[in-house]
Amino acid sequence: MKILDRYLGKAVAVSTLAVILVLLALFFFVDFVDQLGDVGKGNYGLLEALQYTLLIQPRNIYVLFPLAALLGSLLGLGWLASNSELLVIRAAGVSLGQISVSVMKIGLMMIIGVMFIGEVIAPASEQYAQIQRSIAISDRITLKTDYGFWTRDGHSFINIRTVLPGQRLGEINIYEFDDQHHLRIATSAKSAHFKKGGWLLEDIVQSHISEDGIVTRQVARAAWESLLSPDLINLLTVKPERLSTWDLFKYITYLRDNNQDAERYELAFWARSIWPVSTAVMTFLAIPFVFGSLRSVGMGQRILVGSLVGIGFYLFNQTFSQVGLVYNFNPAFSALLPISLFFILSVILVRRVH
C-alpha cells in the first residue's frame, strides 16, 4: 500500500500544484489590475502596487486551495483513469475505499501545509501589505505597532489601539505639541465614533501640561476635530476573513467584552475553523466523479465539471453566509450547513459507485 500511496499521492499533488499555480497567476493579474486604479495617489506607484499584489498572494493560496484540491484530484486521478491505470489497480484487488484513503492521505498533508500558510504567513503578509499601501496612499498614517496605529494630525500625534465595526474606535490617545515641540495636552478616551461628519470621544481623561504643573480633568464626552476620516481608517483595517483563527478569537472576545456586535467575526471564525474539513470534502468529492460518470470523458470535461462544482460550492457558501447574517442564524450553523450538504452528496455518490 505504501507504493500505491506514493503513486496516487504524486499524481494528485502534482496536478494540484499545477492548478494552484494557474489560479494564482490569474488572480495575481486581476489583483494587480485592481490596484492600478490607486496608482498615482500619494506615493503609491507601480512598484508599490506590484509589492502589494505579491504580498497578498499567500491569502489567495489559502482561499483558492479547496477549489485547487478538487480540480487537482480530478485531473490527477482522471489522468490515471484515461491511461487505464486505475482499472488495473482495481483489477489487482484494490478497493475503492483503499484508493480513497491513499488520496486523502496526500490531501491531509497538503491541507496541513496550506493551513500554515493561511494561519501564519498570510495574515502577517496581508497586514504588512495593507499598512505599506496605506502609508503610500496617505502620508498621515505613520506607523503600525503592537500598541495600535500611530498617525499625525498637524501638531498632534494620535494613537488608536483598536478599530471597531461601525466607524468606531477603541482606546484613543492624543498628544498635542506646541510650536517648540513641547507636549501641552495629553488626552485619553475609551472610545470614539463618527457622527454627523465628526468624531465624538467618550470617557475622556485630559491632562494640560504647563510650567506651573499638570491639571487633569475628566469629561464624559466631547467633540474631536480631526482630519482623520473613516475612509482613512478603513485603509488600515483588515477584513475578518483575512485574520488568523486565533486573532479572530481574540477580537471576538474583545467585542463581546465591550458589548459590540461580533456576529460577522464569529461567522469568519467558524468558516476558518472548518476550512480543513471543507478542503478534505472537496478532495473526497473528486473520487466518485472519476470512478463514476467522468471515468471515460476527456480532461476538458473534468476541468469543466470540477470548476462548476467548486464555484457552485463557493457561491452557495457565500450566499448562505450572507443570508445567515441577515436573518441572525447561528454563525456555526451558517458555516457548517453548506459543507455538510456537500459531504452528504459525496457519500451518496461514492455509495452509488460501489
Side-chain angles (χ1 to χ4, degrees), residues 8-34 53 56-83 86 99-100 103-104 106-108 110-111 113-115 117-118 122 241 271 274-322 335 337-350 352-353:
L8 294 178
K10 180 180 178 181
V12 171
V14 170
S15 298
T16 303
L17 178 61
V19 170
I20 197 68
L21 289 176
V22 172
L23 292 175
L24 274 181
L26 176 62
F27 274 75
F28 176 87
F29 176 75
V30 172
D31 291 333
F32 183 69
V33 170
D34 183 58
T53 306
I56 65 174
Q57 294 315 300
R59 181 244 301 172
N60 284 341
I61 294 175
Y62 184 81
V63 172
L64 294 170
F65 190 73
L67 176 59
L70 173 60
L71 289 174
S73 300
L74 272 176
L75 294 179
L77 295 176
W79 181 262
L80 297 179
S82 299
N83 295 332
L86 288 183
I99 294 175
S100 300
V103 172
M104 295 308 297
I106 187 62
L108 179 60
M110 292 189 295
I111 287 171
V114 177
M115 278 187 66
I117 294 174
E241 57 270 17
I274 67 169
W275 179 90
V277 179
S278 302
T279 308
V281 170
M282 290 294 101
T283 303
F284 183 66
L285 189 57
I287 296 171
F289 280 129
V290 171
F291 284 93
S293 59
L294 298 185
R295 62 176 176 263
S296 59
V297 303
M299 199 66 69
Q301 288 175 281
R302 290 193 180 97
I303 294 175
L304 176 61
V305 172
S307 299
L308 290 176
V309 172
I311 294 171
F313 169 73
Y314 176 80
L315 292 177
F316 178 62
N317 190 33
Q318 294 297 312
T319 301
F320 191 77
S321 296
Q322 295 305 313
L337 181 64
I339 194 59
S340 299
L341 293 178
F342 270 74
F343 176 70
I344 293 172
L345 173 64
S346 302
V347 173
I348 293 174
L349 291 176
V350 168
R352 289 183 60 184
V353 173

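As the structure is a computational prediction, the values presented were derived from the model and not from experiment.
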Nearest atoms (heavy-atom pairs only) where Ile274 meets Ala335: CD1-O, 2.9 Å
Non-neighbouring partners of Pro58 that pass side-chain contact (heavy atoms from CB on, under 4.5 Å), sequence neighbours left out: Ile117, Ile121, Ala122, Ser125
Results of side-chain contact (heavy atoms from CB on, under 4.5 Å) for Ile344 - residues two or more places apart only: Ile348
Val309/Phe342 under side chain to side chain contact (heavy atoms under 4.5 Å, CB included): CA gap, chis, key distance, verdict: CA-CA 10 Å; Val309 172; Phe342 270 74; 4.2 Å; yes
Test item: Lys10 and Val14 side chains (from C-beta on) under 4.5 Å apart, heavy atoms: yes
Pair listing, salt bridge (Lys or Arg N to Asp or Glu O under 4.0 Å) test, anchored in residues 57-66, at least two apart: Arg59-Glu126
Minimum heavy-atom distance between Asn317 and Pro338, given as atom pair plus value: OD1-CG, 3.5 Å
Under the side-chain contact (heavy atoms from CB on, under 4.5 Å) test, residues paired with Leu341 that sit two or more places apart: Phe316, Leu337
Spacing of Leu8 atom CG and Leu86 atom CG [to the nearest 0.5 Å]: 7.0 Å
Closest heavy-atom pair and its distance - Thr279, Ala69: CG2-CB, 4.0 Å
From CA spacing to verdict: side chain to side chain contact (heavy atoms under 4.5 Å, CB included), Met104, Thr283: CA-CA 7 Å; Met104 295 308 297; Thr283 303; 4.1 Å; yes
Heavy-atom pair of closest approach, residues Pro288 and Ser346: CG-O, 4.2 Å
Shortest non-hydrogen separation from Ile106 to Ala13 and the atoms involved: CG1-CB, 4.1 Å
Non-hydrogen side-chain atoms of Ser73 and Ile287 separated by less than 4.5 Å: no
ring-ring contact (aromatic ring centres under 6.0 Å, His included) partners of Phe343, counting only residues at least two apart: none
Set of ring-ring contact (aromatic ring centres under 6.0 Å, His included) partners for Tyr62, sequence neighbours left out: Trp275
Working for side chain to side chain contact (heavy atoms under 4.5 Å, CB included), residues Val290 and Leu74: CA-CA 7 Å; Val290 171; Leu74 272 176; 3.8 Å; yes
Only distances under 3.5 Å count here; give the side-chain donor-acceptor pairs of residues 18-33 to other protein atoms, sequence neighbours excluded, each with its distance to 0.1 Å.
residue, atom, partner, partner atom, Å
Asp31, OD2, Asn60, ND2, 2.9

Side chain to side chain contact (heavy atoms under 4.5 Å, CB included) evaluation trace for Met282 with Phe65: CA-CA 10 Å; Met282 290 294 101; Phe65 190 73; over 6 Å; no
Contacts of Phe284 that satisfy ring-ring contact (aromatic ring centres under 6.0 Å, His included) - sequence neighbours left out: none
Inter-residue atom distance Leu67.CG - Ser307.OG, 0.5 Å rounding: 6.0 Å
Residues forming a side-chain contact (heavy atoms from CB on, under 4.5 Å) with Ala11, sequence neighbours excluded: Leu80
